[in-house]
Amino acid sequence: MISLQTFLIISAALFCLGLFIVLTRKNAVAILMGIELILNAASIALVSFSRFITPYGTGGIGGVVAPGAPATGGQTFVIFVIIIAVCEAAVALAIILNIYQNFRTVDTEQTKELKG
């Protein structure tokens, strides 16, 4: 059986990889992918904590879940994280496309001035 520590190690590795990509890359699309990795690491941590800390409901969020039913708090947070990631990707891709139209590059070093 896979333990909580295994999931947390995987989550930490994904977070570190995403942070490394965000800090070292100059390409805006690569930076966006690094941010997505960080959000996925947070999702894995939330689901694993939900599964291992409260495997069965103690009333759930607002007491909606019946006692003894599987806890869904972690999954609920992951749905919010996924929704936030989708919105962030849409806005970031729109910004990147607009930068590319104006500067003909997505290199963040060459687009420091965004006055147009």
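For clarity, every value in this text was computed on a predicted model and none was experimentally measured.
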Inset, instruction - Answer yes or no for R104 and Y100: cation-pi contact, defined as NZ/CZ to six-membered ring centre under 6.0 Å and angle to ring axis within 45°. - result: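 The answer is yes; both the distance and angle limits are met.
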Taking all non-hydrogen atoms of both residues, which atom of [X] and which atom of [Y] are closest, and how far apart?
X	Y	value
A41	L14	CB-CB, 3.8 Å
S11	A45	OG-CB, 3.6 Å
I31	R25	CD1-O, 3.6 Å
L39	V81	O-CG1, 3.7 Å
E36	A89	OE2-CB, 3.8 Å
L8	S48	CD2-OG, 4.1 Å

ILVMFWY network linking [X] to [Y], side-chain heavy atoms under 4.5 angstrom:
X	Y	result
I9	M1	no
F77	I84	no
I35	I83	no
V47	I79	no

Legend entry - Side chain to side chain, K26 and Q110, heavy atoms closer than 4.5 Å: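 The answer is no; the side chains never approach within 4.5 Å.
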Inset, instruction - Tell me, yes or no, whether the heavy-atom count around L23 atom CG, taken from other residues, nucleotides or ligands under 6.0 Å, exceeds 12. - result: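 It does: L23 CG has more than 12 such atoms within range.
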Report the distance from atom [atom1] of [X] to atom [atom2] of [Y], rounding to the nearest 0.5 Å.
X	Y	atom1	atom2	answer
L17	M33	CG	CE	10.5 Å
T108	I99	OG1	CD1	9.0 Å
F103	N98	CZ	CG	9.5 Å
Q5	I10	CD	CD1	12.0 Å
L46	F80	CG	CZ	12.0 Å
C16	I21	SG	CD1	11.5 Å

Legend entry - Audit row: L37, V22, side-chain contact (heavy atoms from CB on, under 4.5 Å) steps and yes/no: CA-CA 10 Å; L37 280 178; V22 168; over 6 Å; no
Legend entry - Steps toward side-chain contact (heavy atoms from CB on, under 4.5 Å) verdict (E88, L32): CA-CA 9 Å; E88 172 257 334; L32 180 63; 2.8 Å; yes
